[in-house]
Peer 1: 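Take a look at the following structure, please.
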Amino acid sequence: MANTFSPEPSRGCVDMECLTVREARLPAAVGREVILRGWVRTRRDSKGGFSFLELNDGSCLGNIQVIVPGELPNYDSEIRQLTTGCSIQVEGLIQASPGEKQAVEVLASRIVVFGWASPETYLLQKKRHSYEFLRTIAHLRPRTNSFGAVMRVRNTVARSIHEFFQEEGFLYIHTPIITASDCEGAGAMFRVTTLDPQANPPPKAEDDFFGKPTYLTVSGQLEAEVFACSLGKVYTFGPTFRAENSNTTRHLAEFWMVEPEAAFFDLAANMDLAERFLKRILRDVLERCSEDMEFFARWVEPSAITTLEHVLQEDFIRLSYTEAIDILARSGQNFEFPVEWGRDLQAEHERYLTETHFHKPVILTDYPRTIKPFYMRLNDDERTVRAMDVLLPRVGEIIGGSQREERLDVLTQRMQEQGLRMEDYWWYLDLRRYGTVPHSGFGLGLERAVQFITGMGNIRDVIPFPRTPGSAEF
RNA sequence: UCCCCGGUAGCUCAGCAGGUAGAGCGAGCGGCUGUUAACCGCUAGGUCCCAGGUUCGAGCCCUGGCCGGGGAGCCA
């Protein structure tokens with residue numbers, strides 16, 4: 001249904017169609033009388049007595065050119081005062097453009113100004129800005145080409161995630177944000193409390209809102225397992241919190257994670273799922289965000305598109321940790337950190353595998369039990385567990401997952417090994433006590449996926465409002 | 001948290017035997033133009049991150065903070 005809202009009482013224009021800039025730029029729109037609304041990117045005046053406006057409404061990367069005849073009643077009083085950032089409504093006729101840079105343009109018959117943006121103080125100028133600067137004005141940066149493109153890609157990825165899992169028969173499960181399991185092994189947690197930290201004497205956890213210490217979730221996995229072990233195939237998709245003091249281009253204190261969990265999936269099925277999943281996302285972005293991807297290829301990362309196409313047509317390498325160690329040891333590379341069975345792989349090692357040795361995504365499996373969490377299934381060799389990490393060139397680990405330990409005795413033994421308190425996990429252990437099944441799952445960091453796809457160098461530039469140590473503005 | 005680098009006009013940066021500041025872009029004004037990273041000319045605009053110190057004199061040197069960036073660790 002066409003939106004016919006008008007900012008002023010009707011003046012005979014309520015029957016005009018409201019189009020987005022994206023719709024208006026299609027050749028099929030030529031000849032239609034329409035209403036467009038958005039923000040002015042630039043104004044150019046012609047001494048022929050008329051002006052050009054570039055209008056953008058975020059519906060697509062490109063602007064639409066508006067021709068404003070000098071005859072409009074507010075031409076001198078308002079149109080000539082328009083600057084970057086002003087918001088307007090344009091009513092006019094879409095016509096073929098004689099210019100070379102655009103197929104269509106709008107010949108305005110009426111323009112209404114919603115809001116001004118003083119060029120003396122408006123921080124977004126008609127020039128390129130550094131990402132560092134844009135981060136300090138996170139409330140305005142969505143009005144830039146690059147951040148707008150990132151957000152459209154991010155939306156497409158999110159949509160694709162849901163479509164993929166829904167089509168594969170997974171149920172979307174909403175796991176809790178607040179959790180009482182304080183030792184999921186995924187890192188430092190944010191405490192959630194209503195107690196007054198200044199109170200004297202110091203408050204007791206029993207008196208807290210939930211009667212026990214609670215935290216923001218670091219993963220929905222354990223809860224997702226509950227539903228996998230009852231509904232079969234499920235996934236979670238929501239915010240995740242890590243209180244680690246990480247200051248890197250690929251860590252956030254608050255990020256979004258997708259975690260599928262499936263009963264009766266072994267590690268091979270899990271890997272197949274992960275590869276199919278990633279490829280589906282890439283394919284959808286290439287198809288649905290081609291204009292934005294061309295922008296990234298031109299201004300951000302020249303190989304943005306070809307990298308995705310390459311990943312799409314290649315099978316992911318599947319390699320055990322032990323084999324990887326072997327390759328690294330014989331690489332002849334002079335690594336800063338030693339390559340030794342039993343030690344975790346460093347970023348430089350992962351980068352060598354994906355960027356130098358294989359030139360494609362690599363799924364590493366079967367890591368030493370000592371460097372992986374208790375819930376990963378123990379292999380028959382008793383030295384390794386059924387873990388899998390999907391490594392991508394440039395961003396490194398984008399997916400971490402495993403086949404879960406479904407044997408009660410092995411699981412409890414591993415928990416003891418890692419010093420966990422059995423009573424905290426009574427409900428998790430019940431899944432193994434009653435009708436246990438083999439099952440698997442993984443977690444994908446949404447921002448890392450968007451980073452990989454767009455080629456953006458810093459994860460803080462692919463999330464609307466980044467939370468990092470010492471920074472929670474906006 | 002560790003290791004490097006940096007904080008000078010709205011933005012991006014230059015300045016350096018220590019003698020109180022410049023450019024480009026942006027902005028304002030004027031010219032030109034169916035224009036489109038527009039172009040040409042002129043103008044305005046700066047507690048040189050903060051606090052101490054050395055010095056006749058500090059953007060520049062020293063000390064201590066604060067903030068930002070890159071790399072590492074942690075991981076998604």
Side-chain angles (χ1 to χ4, degrees), chain A residues 41-55 62-69 81 83-85 97-102 105 107 117-137 144-145 184-188 217-221 237-259 274 298-299 336-337 344-348 350-351 371-373 389-392 395-401 442-452 457-463 468-471 473:
Chain A
R41 284 296 179 80
T42 76
R43 188 194 86 237
R44 295 180 294 269
D45 298 325
S46 167
K47 273 305 178 297
F50 59 101
S51 295
F52 301 92
L53 298 176
E54 293 281 343
L55 188 72
N63 309 319
I64 192 162
Q65 175 165 279
V66 181
I67 310 302
V68 191
Q81 314 302 317
T83 52
T84 304
S97 174
E100 290 184 357
K101 301 254 174 134
Q102 63 277 321
E105 62 189 22
L107 177 61
S118 167
E120 305 287 349
T121 54
Y122 187 58
L123 289 171
L124 279 182
Q125 303 166 340
K126 200 174 79 179
K127 72 188 283 285
R128 294 186 72 177
H129 291 287
S130 68
Y131 294 120
E132 292 82 3
F133 172 66
L134 292 176
R135 263 170 238 153
T136 68
I137 48 169
T144 63
N145 287 335
E184 294 174 29
T217 182
V218 293
S219 164
Q221 180 198 318
F237 184 9
T240 310
F241 308 87
R242 302 279 165 90
E244 245 102 48
N245 191 4
S246 296
N247 288 287
T248 80
T249 53
R250 65 207 106 81
H251 289 268
L252 292 165
E254 176 182 299
F255 64 99
W256 285 66
M257 187 154 66
V258 187
E259 295 175 287
R298 175 157 184 208
W299 299 106
E336 187 187 343
F337 293 90
D344 210 353
L345 296 180
Q346 303 296 312
E348 58 174 344
E350 296 179 350
R351 209 173 300 125
I371 58 174
K372 288 294 183 184
D389 283 359
V390 180
L391 311 178
L392 293 182
V395 297
E397 184 181 339
I398 195 172
I399 283 179
F442 62 79
L444 167 99
L446 177 69
E447 287 75 18
R448 291 211 182 151
V450 176
Q451 237 189 310
F452 173 71
N458 195 314
I459 199 165
R460 293 162 207 181
D461 301 322
V462 299
I463 188 168
T468 53
S471 171
E473 192 62 65

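No experiment lies behind these values; they were computed from the predicted model shown. Side-chain atoms are counted along with the backbone in the values below, which use heavy atoms only and exclude waters and symmetry mates. Just so it is clear: chains get the letters A, B, ... in the order the sequence lines come, proteins before strands, and each one is counted from 1.
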Peer 1: Taking only residues two or more places apart in sequence, or in another chain, which ones meet A:Ser118 in a side-chain contact (heavy atoms from CB on, under 4.5 Å)?
Peer 2: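 In terms of side-chain contact (heavy atoms from CB on, under 4.5 Å), with neighbours along the sequence ignored, A:Ser118 is linked to A:Glu120, A:Thr121.
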Peer 1: Expressed in angstrom and rounded to an integer, what is the separation of A:Phe452 atom CZ from B:A76 atom P?
Peer 2: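 Rounded to whole Å, this separation is 18 Å.
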Peer 1: Please identify each residue that fulfils side-chain contact (heavy atoms from CB on, under 4.5 Å) with A:Asp344, with sequence neighbours left out.
Peer 2: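 Scan of A:Asp344 (side-chain contact (heavy atoms from CB on, under 4.5 Å), adjacent residues dropped) gives A:Tyr367, A:Ile371.
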Peer 1: What pairs of donor and acceptor atoms, side-chain ones from residues 250-259 of chain A against any protein atom, are under 3.5 angstrom apart with sequence neighbours left out?
Peer 2:
unit_1: A:Glu259; atom_1: OE1; unit_2: A:Gly220; atom_2: N; d: 2.8
unit_1: A:Glu259; atom_1: OE2; unit_2: A:Ser219; atom_2: OG; d: 2.8

Peer 1: Taking only the side-chain nitrogens and oxygens of A:Gln346, find out if one of them lies under 4.0 Å from OP1 or OP2 of B:G73.
Peer 2: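 Yes.
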Peer 1: Not counting sequence neighbours, list each pair that qualifies as a salt bridge (Lys or Arg N to Asp or Glu O under 4.0 Å) and has a residue in residues 124-133 of chain A.
Peer 2: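 Of all non-adjacent pairs touching residues 124-133 of chain A, none passes salt bridge (Lys or Arg N to Asp or Glu O under 4.0 Å).
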Peer 1: Do the side-chain N and O atoms of A:Asp45 and A:Ser51 include a donor-acceptor pair separated by under 3.5 angstrom?
Peer 2: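 There is such a pair (donor and acceptor under 3.5 Å, judged by atom type) between the side chains of A:Asp45 and A:Ser51.
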Peer 1: Assign A:Pro98 to base, sugar-phosphate, or nothing according to its heavy-atom contacts below 4.0 angstrom with the strands shown.
Peer 2: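 If one applies the 4.0 Å heavy-atom cut-off, A:Pro98 turns out to touch a base.
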Peer 1: Taking only residues two or more places apart in sequence or in another chain, which ones pass salt bridge (charged side-chain N to carboxylate O under 4.0 Å, His left out) with A:Arg135?
Peer 2: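 So A:Arg135 forms a salt bridge (charged side-chain N to carboxylate O under 4.0 Å, His left out) with A:Asp461.
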Peer 1: Sort out the partner of B:C13 for me: Watson-Crick or G-U wobble, both distances under 3.5 Å, none otherwise.
Peer 2: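 Because both required distances fall under 3.5 Å, B:C13 counts as paired with B:G22.
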Peer 1: Of all residues at least two apart in sequence or in a different chain, which pass the ring pair (Phe, Tyr, Trp, His ring centres under 6.0 Å) check with A:Phe50?
Peer 2: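 Testing A:Phe50 for ring pair (Phe, Tyr, Trp, His ring centres under 6.0 Å), a comparison that skips the adjacent residues, returns A:Phe52.
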Peer 1: For a quick test of reading the model: is some side-chain N or O of A:Thr249 closer than 4.0 Å to OP1 or OP2 of B:G69?
Peer 2: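 Looking at the OP1 and OP2 atoms of B:G69, neither is under 4.0 Å from any side-chain N or O of A:Thr249.
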Peer 1: Can you list everything that forms a ring pair (Phe, Tyr, Trp, His ring centres under 6.0 Å) with A:Tyr131? Sequence neighbours excluded, please.
Peer 2: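 Partners of A:Tyr131 under the ring pair (Phe, Tyr, Trp, His ring centres under 6.0 Å) test: none.
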Peer 1: Using the side-chain heavy atoms of A:Gln65, tell me which of these nucleotides is nearest: B:C75, B:G34, B:A72.
Peer 2: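 Nearest to the side-chain atoms of A:Gln65, counting from C-beta on, is B:G34.
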Peer 1: Would you please confirm or rule out a distance under 4.0 Å between OP1 or OP2 of B:G69 and any side-chain N or O of A:Arg460?
Peer 2: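 True: A:Arg460 side-chain N/O within range (under 4.0 Å) of B:G69 OP1/OP2.
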Peer 1: Please state how far atom CZ in A:Arg41 lies from atom P in B:G26, giving the value in whole angstrom units.
Peer 2: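 So the two atoms are 16 Å apart, to the nearest Å.
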Peer 1: State, yes or no, whether a side-chain contact exists between A:Thr84 and A:Pro119 at a heavy-atom distance under 4.5 Å.
Peer 2: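 Not touching, per the 4.5 Å side-chain cut-off.
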Peer 1: With P as the reference atom in both, quote the distance from B:G53 to B:A38 in angstrom, rounded to an integer.
Peer 2: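 Roughly 50 Å separates the two P atoms.
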Peer 1: Assign A:Glu100 to base, sugar-phosphate, or nothing according to its heavy-atom contacts below 4.0 angstrom with the strands shown.
Peer 2: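 Touches a base.
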Peer 1: What nitrogen or oxygen pairs link the protein and nucleotides 37-40 of chain B at under 3.5 Å?
Peer 2:
unit_1: B:A37; atom_1: OP1; unit_2: A:Lys101; atom_2: NZ; d: 3.2
unit_1: B:A37; atom_1: OP2; unit_2: A:Lys101; atom_2: NZ; d: 2.4
unit_1: B:A38; atom_1: OP1; unit_2: A:Lys126; atom_2: NZ; d: 3.4

Peer 1: Kindly indicate whether the side chain of A:Leu444, heavy atoms from C-beta on, has any atom under 4.5 Å from the side chain of A:Ile398.
Peer 2: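 Yes. Closest side-chain heavy atoms under 4.5 Å.
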Peer 1: Can a side chain N or O of A:Arg351 be found less than 4.0 Å away from OP1 or OP2 on B:A72?
Peer 2: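 The answer is yes; a side-chain N or O of A:Arg351 sits under 4.0 Å from OP1 or OP2.
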Peer 1: Is A:Ser46 near enough to B:G34 that one of its side-chain N or O atoms lies under 4.0 angstrom from OP1 or OP2?
Peer 2: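 Affirmative; the distance criterion is met.
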Peer 1: Determine which nucleotide pairs with B:A51, using a 3.5 Å limit on both distances of a Watson-Crick or G-U wobble pair.
Peer 2: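 B:A51 is paired, partner B:U63.
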Peer 1: For the P atoms, the ones on B:C4 and on B:G18, what distance do you get once it is rounded to whole angstrom?
Peer 2: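 24 Å, rounded to whole Å.
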Peer 1: Under 3.5 Å, is there any donor-acceptor pair linking the side chain of A:Gln102 to the base of B:U35?
Peer 2: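 Such a pair is found, so the answer is yes.
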Peer 1: For B:G69 and A:Arg135 - does any side-chain N or O of the residue sit under 4.0 Å from the phosphate oxygens OP1/OP2?
Peer 2: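 For B:G69, OP1/OP2 do have a side-chain N/O of A:Arg135 under 4.0 Å.
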Peer 1: Return the stacking result for B:A76 and A:Phe255: yes when the ring centres lie under 5.5 Å apart and the planes under 30°, no otherwise.
Peer 2: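 Check passed, A:Phe255 stacks on base of B:A76.
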Peer 1: Can you tell me how far P in B:A44 sits from the matching atom in B:C67, rounded to whole Å?
Peer 2: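 Taking atom P in both B:A44 and B:C67, they lie 37 Å apart.
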Peer 1: The criterion is side-chain contact (heavy atoms from CB on, under 4.5 Å); which residues satisfy it with A:Ala347, sequence neighbours excluded?
Peer 2: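 Checked A:Ala347 against side-chain contact (heavy atoms from CB on, under 4.5 Å); matches are A:Arg351.
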Peer 1: Quick one: are A:Val66 and A:Leu107 in side-chain contact, heavy atoms under 4.5 Å?
Peer 2: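 Sidechains of A:Leu107 and A:Val66: no contact.
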Peer 1: Under 3.5 Å, which N/O atoms of the protein pair with N/O atoms of nucleotides 4-10 of chain B?
Peer 2:
unit_1: B:G10; atom_1: N2; unit_2: A:Gln125; atom_2: OE1; d: 2.9
unit_1: B:G10; atom_1: N3; unit_2: A:Gln125; atom_2: NE2; d: 2.9

Peer 1: B:C42 and B:C32: how far apart are their C1' atoms, nearest whole angstrom?
Peer 2: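 It comes out at 15 Å once rounded to the nearest Å.
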Peer 1: Indicate, with a heavy-atom threshold strictly under 4.0 Å, whether A:Gly400 touches base, sugar-phosphate, or nothing.
Peer 2: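 Result for A:Gly400 = sugar-phosphate.
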Peer 1: Does a salt bridge link A:Glu54 with A:Arg43, judged by any charged N lying under 4.0 Å from a carboxylate O?
Peer 2: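 Result for this pair is no, no salt bridge flagged.
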Peer 1: Does any nucleotide pair with B:U36 by Watson-Crick or G-U wobble geometry, both distances under 3.5 Å, and what is it?
Peer 2: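 Base partner found: none.
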Peer 1: For A:Arg448 and B:A76, what is the distance between atoms CZ and C1' respectively, to the nearest whole Å?
Peer 2: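 In whole Å, B:A76 C1' lies 4 Å from A:Arg448 CZ.
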Peer 1: Starting at atom CD of A:Gln81, determine the distance to atom P of B:A27, rounded to an integer number of angstrom.
Peer 2: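 Taking atom P of B:A27 as the reference, CD of A:Gln81 is at 14 Å.
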Peer 1: Partner lookup for B:A72, please. Criteria are Watson-Crick or G-U wobble with both distances under 3.5 angstrom; report none if nothing qualifies.
Peer 2: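 Result: B:U1.
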Peer 1: Would you classify A:Glu259 as touching base, sugar-phosphate or nothing, given that sugar-phosphate means primed atoms plus P, OP1 and OP2, and contacts are heavy atoms under 4.0 Å?
Peer 2: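 Here A:Glu259 touches no strand at all.
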Peer 1: Partners of A:Phe133 by side-chain contact (heavy atoms from CB on, under 4.5 Å), sequence neighbours excluded?
Peer 2: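 Testing A:Phe133 for side-chain contact (heavy atoms from CB on, under 4.5 Å), a comparison that skips the adjacent residues, returns A:Leu123, A:His129, A:Ser130, A:Thr136, A:Ile137.
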Peer 1: Quantified in whole Å, what is the C1' atom distance between nucleotide B:G30 and nucleotide B:G52?
Peer 2: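 Going atom to atom, C1' in each nucleotide, I get 50 Å.
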Peer 1: Going 5' to 3' along nucleotides 41-46 of chain B, which nucleotides have protein heavy atoms under 4.0 Å from the base (write B), which only from the sugar-phosphate (write S), and which from neither (write -)?
Peer 2: ------
Peer 1: Any side-chain N or O of A:Arg250 less than 4.0 Å from the OP1 or OP2 oxygen of B:A72?
Peer 2: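 Yes, within the criterion.
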Peer 1: If you look at every strand shown and take non-hydrogen atoms under 4.0 Å, does A:Ala347 touch a base, only sugar-phosphate, or nothing?
Peer 2: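 Sugar-phosphate: the residue A:Ala347, judged by heavy atoms under 4.0 Å, touches backbone atoms but no base.
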Peer 1: Remember a base hit wins even if backbone is also touched, and classify A:Leu446 as base, sugar-phosphate or nothing at under 4.0 Å, heavy atoms.
Peer 2: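 The residue A:Leu446 makes no contact with any strand.
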Peer 1: Nearest of B:G70, B:G34, B:G73 to any side-chain atom of A:Asn458?
Peer 2: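 The answer is B:G70.
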Peer 1: Nearest whole angstrom, please: distance from the P of B:U36 to the CZ of A:Phe50.
Peer 2: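 Roughly 12 Å, once rounded to whole Å.
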Peer 1: I need the CZ-P distance between A:Arg128 and B:U12, as an integer number of Å.
Peer 2: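 Distance check: A:Arg128 CZ to B:U12 P gives 13 Å.
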Peer 1: Would you please confirm or rule out a distance under 4.0 Å between OP1 or OP2 of B:G71 and any side-chain N or O of A:Asn247?
Peer 2: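 Answer is no, no contact under 4.0 Å.
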Peer 1: Could you give the CD1-to-P distance, from A:Ile398 to B:A76, as a whole number of Å?
Peer 2: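 Going from CD1 in A:Ile398 over to P in B:A76 covers 12 Å.
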Peer 1: With rounding to whole Å, what would you report as the distance between B:A17 and B:G57 at their C1' atoms?
Peer 2: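 Straight-line distance between the two C1' atoms is 15 Å.
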Peer 1: I want to confirm an ordering. Mapping A:Gly457 and A:Ile371 to their closest nucleotides on RNA chain B, which one lands closer to the 5' end?
Peer 2: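 Looking at the nearest nucleotide for each, A:Gly457 comes out on the 5' side.
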Peer 1: Keeping A:Arg448 on the side-chain end and A:Glu397 on the backbone end, is there a donor-acceptor pair under 3.5 Å?
Peer 2: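 Yes.
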Peer 1: Can you tell me how far P of B:G68 sits from CD1 of A:Ile137, to the nearest Å?
Peer 2: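 About 16 Å, once rounded to whole Å.
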Peer 1: When you measure only distances, ignoring hydrogens and angles, does the side chain of A:Ser246 come within 3.5 Å of the base of B:C75 through a donor and an acceptor?
Peer 2: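 No such pair is found, so the answer is no.
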